[in-house]
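Working notes, beginning with the structure itself.
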Amino acid sequence: QVRLDESGGGLVQAGDSLRLSCVASGGTAKDLALGWYRQAPGKEREFVAAISGGGGSTYFGDATMRGRFTISRGVAKNTVFLQMNRLKPEDTAVYYCVASPTSIGAANLRDRNRVDVWGQGTLVTVSS
C-alpha cells in the first residue's frame with residue numbers, strides 16, 4: 001500500500017514563496033503519477049497540479065496556478081515538490097498529495113475519483 005507524507009506547509013505573507021514536499025513510500029515510485037489538491041475553508045477540494053511517472057508531463061488546475069506554481073519530482077522519483085510563488089491569501093488551504101498508478105495517467109488526476117491514494121494534508125496559510 002502506497003503512503004504519502006507531505007511537509008512544508010506553514011504561515012507566510014502575501015507575495016512569499018513556499019515549497020511543499022511529498023514522499024511516496026510502499027510502492028514503486030516510477031509507477032506512480034503524483035499530484036496535489038487543495039481545499040480552502042468552506043470550499044470544495046480542487047485539483048492543483050500533477051506530474052507523470054517519469055516527470056516529463058505536468059498538468060495544472062488553471063492558468064493562475066500554471067503561472068505561479070511548479071510541480072517537479074525528485075531524482076529518486078518518489079518525491080514530488082510543489083513550488084508556489086507569489087502566494088495570495090486565496091491560496092490558503094490544506095494541500096493534499098495524491099497518487100495513482102501511471103496507467104491511470106497524470107492528466108486524469110484532475111478527476112478526484114481517479115485518485116488512488118491521498119495524503120493527510122499540510123496547511124498553508126497566506127496572510128494579507
Side-chain angles (χ1 to χ4, degrees):
Q1 179 68 28
V2 173
R3 172 175 170 158
L4 304 173
D5 291 298
E6 306 101 329
S7 61
L11 173 63
V12 297
Q13 293 186 332
D16 284 352
S17 297
L18 199 63
R19 189 174 83 156
L20 305 182
S21 301
C22 171
V23 178
S25 59
T28 303
K30 66 178 178 64
D31 294 334
L32 295 175
L34 297 172
W36 295 91
Y37 273 70
R38 70 183 183 185
Q39 187 166 21
K43 294 189 176 182
E44 293 285 319
R45 199 169 292 191
E46 66 174 341
F47 172 74
V48 176
I51 188 166
S52 59
S57 298
T58 58
Y59 307 88
F60 293 89
D62 60 33
T64 62
M65 295 174 184
R66 181 184 298 277
R68 297 185 296 122
F69 298 171
T70 301
I71 187 169
S72 60
R73 297 183 77 129
V75 174
K77 303 300 182 188
N78 67 329
T79 302
V80 61
F81 304 102
L82 184 67
Q83 176 69 42
M84 302 184 292
N85 300 323
R86 303 190 302 280
L87 282 162
K88 305 175 182 180
E90 50 264 43
D91 294 317
T92 294
V94 177
Y95 285 72
Y96 297 91
C97 183
V98 297
S100 284
T102 54
S103 57
I104 298 294
N108 287 319
L109 286 179
R110 289 192 181 100
D111 180 354
R112 58 183 297 178
N113 293 315
R114 306 297 295 273
V115 173
D116 195 40
V117 183
W118 294 83
Q120 291 299 306
T122 185
L123 177 63
V124 173
T125 304
V126 184
S127 64
S128 58

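As the structure is a computational prediction, the values presented were derived from the model and not from experiment. By convention here, the first residue in the shown sequence is residue 1.
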- Query: Are L109 and M65 in one and the same hydrophobic cluster, where Ile, Leu, Val, Met, Phe, Trp and Tyr link if side-chain heavy atoms are under 4.5 Å apart?
  - Reply: no
- Determine which pairs satisfy disulfide (SG to SG under 2.5 Å) with at least one residue from residues 45-91, sequence neighbours left out, and list them in order. none
- Are the side chains of Q1 and V117 in touch, meaning some heavy atoms are under 4.5 Å apart? yes
- Item | Set of side chain to side chain contact (heavy atoms under 4.5 Å, CB included) partners for V124, sequence neighbours left out | L18, L20, M84, Y95, V126
- Looking only at non-hydrogen atoms, find the nearest pair between Y96 and G119 and report the distance. CD2-O, 3.5 Å
- Task: Could you give me the CA-CA distance, side-chain angles and deciding distance for V2 and D116, then say whether side chain to side chain contact (heavy atoms under 4.5 Å, CB included) is met?
- Result: CA-CA 9 Å; V2 173; D116 195 40; over 6 Å; no
- How long is the span from the CZ atom in R45 to the OH atom in Y37, to the nearest 0.5 Å? 9.5 Å
- Partner residues of T64 under the side chain to side chain contact (heavy atoms under 4.5 Å, CB included) criterion, sequence neighbours left out: D62
- Is there side-chain contact between F81 and T70, with heavy atoms separated by less than 4.5 Å? no
- Item | Shortest non-hydrogen separation from R73 to K77 and the atoms involved | NH2-O, 2.7 Å
- Task: Please examine the side chains of V80 and W36, heavy atoms only from C-beta on, and report whether any two atoms are closer than 4.5 Å.
- Result: yes
- Query: Taking only residues two or more places apart in sequence or in another chain, which ones pass salt bridge (charged side-chain N to carboxylate O under 4.0 Å, His left out) with D16?
  - Reply: none
- Message: Quick check on the hydrophobic clustering: are V98 and I51 connected, directly or via other members, by side-chain heavy-atom contacts under 4.5 Å?
- Response: no
- Residue pairs meeting disulfide (SG to SG under 2.5 Å), one or both in residues 88-128, sequence neighbours left out, come to C22-C97
- Message: Suppose we screen for side chain to side chain donor-acceptor pair (under 3.5 Å). Which residues come up paired with R112, at least two apart in sequence or across chains?
- Response: none
- Task: Identify, with sequence neighbours excluded, every residue that meets side chain to side chain contact (heavy atoms under 4.5 Å, CB included) alongside S17.
- Result: Q83, N85
- Item | Spatial distance of atom CD (E6) from atom CG (L82) [nearest 0.5 Å] | 11.0 Å
- Ignoring hydrogens and geometry, is there a side-chain-to-backbone donor-acceptor pair from D91 to L87 under 3.5 Å? no
- Item | Atom of G105, atom of A33 and distance for their closest heavy-atom approach | C-CB, 4.5 Å
- residues 118-127 vs side chain to side chain donor-acceptor pair (under 3.5 Å), sequence neighbours excluded, gives none
- Message: Can you list everything that forms a salt bridge (charged side-chain N to carboxylate O under 4.0 Å, His left out) with E46? Sequence neighbours excluded, please.
- Response: R38
- Note on the structure: Here the gap from D31 atom CG to N78 atom CG, rounded to the nearest 0.5 Å, amounts to 12.5 Å
- Item | Within one Ile-Leu-Val-Met-Phe-Trp-Tyr cluster: I71 and V94, side-chain cutoff 4.5 Å | no
- Closest non-hydrogen atom pair between A50 and A106, with its separation: CB-O, 3.5 Å
- Item | By side chain to side chain contact (heavy atoms under 4.5 Å, CB included) - contacts of S57 (at least two apart) | S52, Y59
- How many angstroms lie between atom OG of S128 and atom CD of Q13, to the nearest 0.5 angstrom? 9.5 Å
- Gap between atom OG1 of T58 and atom CZ of R66 - 0.5 Å precision: 6.0 Å
- Message: Once salt bridge (charged side-chain N to carboxylate O under 4.0 Å, His left out) is applied, do any residues pair with R19, and if so which ones, sequence neighbours excluded?
- Response: none
- Note on the structure: R114 meets the salt bridge (charged side-chain N to carboxylate O under 4.0 Å, His left out) criterion, sequence neighbours left out, with none
